[in-house]
Protein chains: 2
Amino acid sequence: MPKYKQFNRDKVLEAASNVFHEKGYNGTSIDEILTATGLSRSSLYDSFKDKHNLYLQSLEFYKESNDKKFQSLDEKDLNGLQKLETMFKGVVNHLVENPDDNGCLLVNAAAEMSKQCFKTSQVICNNKDEVQNLFSSWISDAEQKKVVKLNKPAKVYGQFLYNTLCGLRVMSQSGAGKTELNNVVKVALDSLN
Amino acid sequence: MPKYKQFNRDKVLEAASNVFHEKGYNGTSIDEILTATGLSRSSLYDSFKDKHNLYLQSLEFYKESNDKKFQSLDEKDLNGLQKLETMFKGVVNHLVENPDDNGCLLVNAAAEMSKQCFKTSQVICNNKDEVQNLFSSWISDAEQKKVVKLNKPAKVYGQFLYNTLCGLRVMSQSGAGKTELNNVVKVALDSLN
DNA sequence: AATAATTTGGAATATTCATTCCGATGTTTT
DNA sequence: AAAACATCGGAATGAATATTCCAAATTATT
């Protein structure tokens, strides 16, 4: 048809990341991606090289749209503890209200691909470090504003809360319900005292 | 050759679960399983029906060998807190000393298969409940012996510590190192006070 | 209006994969 | 020792897979 691309790159990556999210890398076929994105076979290979490259770009797209959510929460006029509470509440709510949602694409990618693809492990590791640092900054803020009292460096709690977050995603894929997830969050946040 | 099976069922399941552990369900081919187990194609299909069935049996084998480790720890003459400390120390040590070990087969199965295979999700959910209950009993024991002081039911801490454990597996697949994992364990166990 | 530029549809290719099947092999039983 | 029986090796099958390729379609430019 066209002289300029007929599709929106972000829409394609969003659709692709949804499929990868649902079925994993090895579990999704190119045909499934074609129907999900509406792209033609040749357009996909022209624009995204191959399946593996599309996967990596989908991962980064997912990561960036995650980052945006974190950033918009970060910009809210809340203290660090409130930001953490809001974030965890949001995650649990999402998991509970979307029981078919297959956890977190990055967690699934860590499980499926991190030992088999160095580039995948890089994206995952970067995400981990960034989110931990954000959490640590929230915790430092909460400490400064004296809404929490810590006996370890803020960085350590950032690592701990990131671990808690990863756990929640696995728990929801293991059949955990609302109260179970809420209990976990409650104990985790209570440790900031 | 034989009139009776030439192979040891447990050895086969152990080898198979190692491959599934390393590469996931969709990432491993029958051929890889054949070379890993030493079985012939026809023996495998004769004794294990098909790939999917072999996967489920491998999962249960893995779960049971995990259970045994937990049980032998449970039988030790330690209070509940010491058992938890020993367990977490063992997990972190294992993850650190075997950097190529691909996390936990059950966690990986949760990420890859739980939404696509009901039987897989059953194994995972059962494992979650059992381990949580074991942890809760250890915590109750520690409470009774007054080595910890809780302000929530033991069951809730069992859920929390199981979540922490799942998180550790993902963290190690995300490039977390020894101190990072130890920090997580430290904060998690400190919450029992 | 014609040419240039670029995407697209879908057929074609070549691998890889899970599974089936049968003759050969060996072991137990009589 | 020979018949009965179950396993095993490996070829064969057929479906699914990722990727390539080319002609048709469409728009921008001249």
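What's counted below: heavy atoms across the whole structure, side chains too, no hydrogens, waters or symmetry copies. What you see is a predicted model; the values in this text were computed from it and never measured. Naming convention: chains lettered A, B, ... in sequence-line order (proteins, then strands); numbering from 1 in each chain.
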Phosphate OP1/OP2 of C:dT7 contacted by A:Ser43 side-chain N/O (<4.0 Å):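 Result: no.
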Show every ring pair (Phe, Tyr, Trp, His ring centres under 6.0 Å) that has at least one partner inside residues 86-121 of chain A, sequence neighbours left out.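 Sorted result for residues 86-121 of chain A: empty, none.
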Side chains of B:Gln159 and A:Asn183: any donor to acceptor distance under 3.5 Å?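 B:Gln159 and A:Asn183 do have a side-chain donor-acceptor pair below 3.5 Å.
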Determine whether the side chains of A:Asn108 and B:Glu112 contain a donor N or O and an acceptor N or O closer than 3.5 Å.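 Note: A:Asn108 and B:Glu112 side chains miss the donor-acceptor criterion.
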Does B:Lys83 NZ have over 12 foreign heavy atoms under 6.0 Å away?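 Result for NZ/B:Lys83: enclosed.
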Can you tell me if B:Gln144 has over 12 outside heavy atoms packed within less than 6.0 Å of its CD?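 Counting neighbours around CD of B:Gln144, 12 or fewer heavy atoms of other residues, nucleotides or ligands fall under 6.0 Å, so no.
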When the distance from [atom1] of [X] to [atom2] of [N] is rounded to whole Å, what number comes out?
| X | N | atom1 | atom2 | answer |
| --- | --- | --- | --- | --- |
| B:Leu34 | C:dC17 | CG | P | 12 Å |
| A:Lys49 | D:dT19 | NZ | P | 10 Å |
| B:Ile30 | D:dA15 | CD1 | P | 18 Å |
| B:Asp46 | D:dC8 | CG | C1' | 9 Å |
| A:Lys51 | D:dT19 | NZ | P | 8 Å |
| A:Asn26 | C:dT16 | CG | P | 15 Å |
| B:Leu44 | C:dC17 | CG | P | 15 Å |
| B:Tyr45 | D:dG9 | OH | P | 15 Å |

Can you give me every donor-acceptor pair (side chain of residues 184-193 of chain B, partner residue at least two apart or in another chain, under 3.5 Å) with its distance?
residue  : atom : partner  : partner atom : Å
B:Asp190 : OD2  : A:Lys152 : NZ           : 2.5
B:Ser191 : OG   : B:Ala188 : O            : 2.6

Tabulate atom names and distances for all N/O pairs under 3.5 angstrom spanning the protein and nucleotides 10-15 of chain C.
residue : atom : partner : partner atom : Å
C:dG10  : O6   : A:Ser42 : OG           : 3.3

Taking the side chain of B:Phe7 as heavy atoms from C-beta outward, which of D:dC8, D:dT19, C:dA18 is closest to it?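 Of D:dC8, D:dT19, C:dA18, D:dC8 is nearest to the side chain of B:Phe7.
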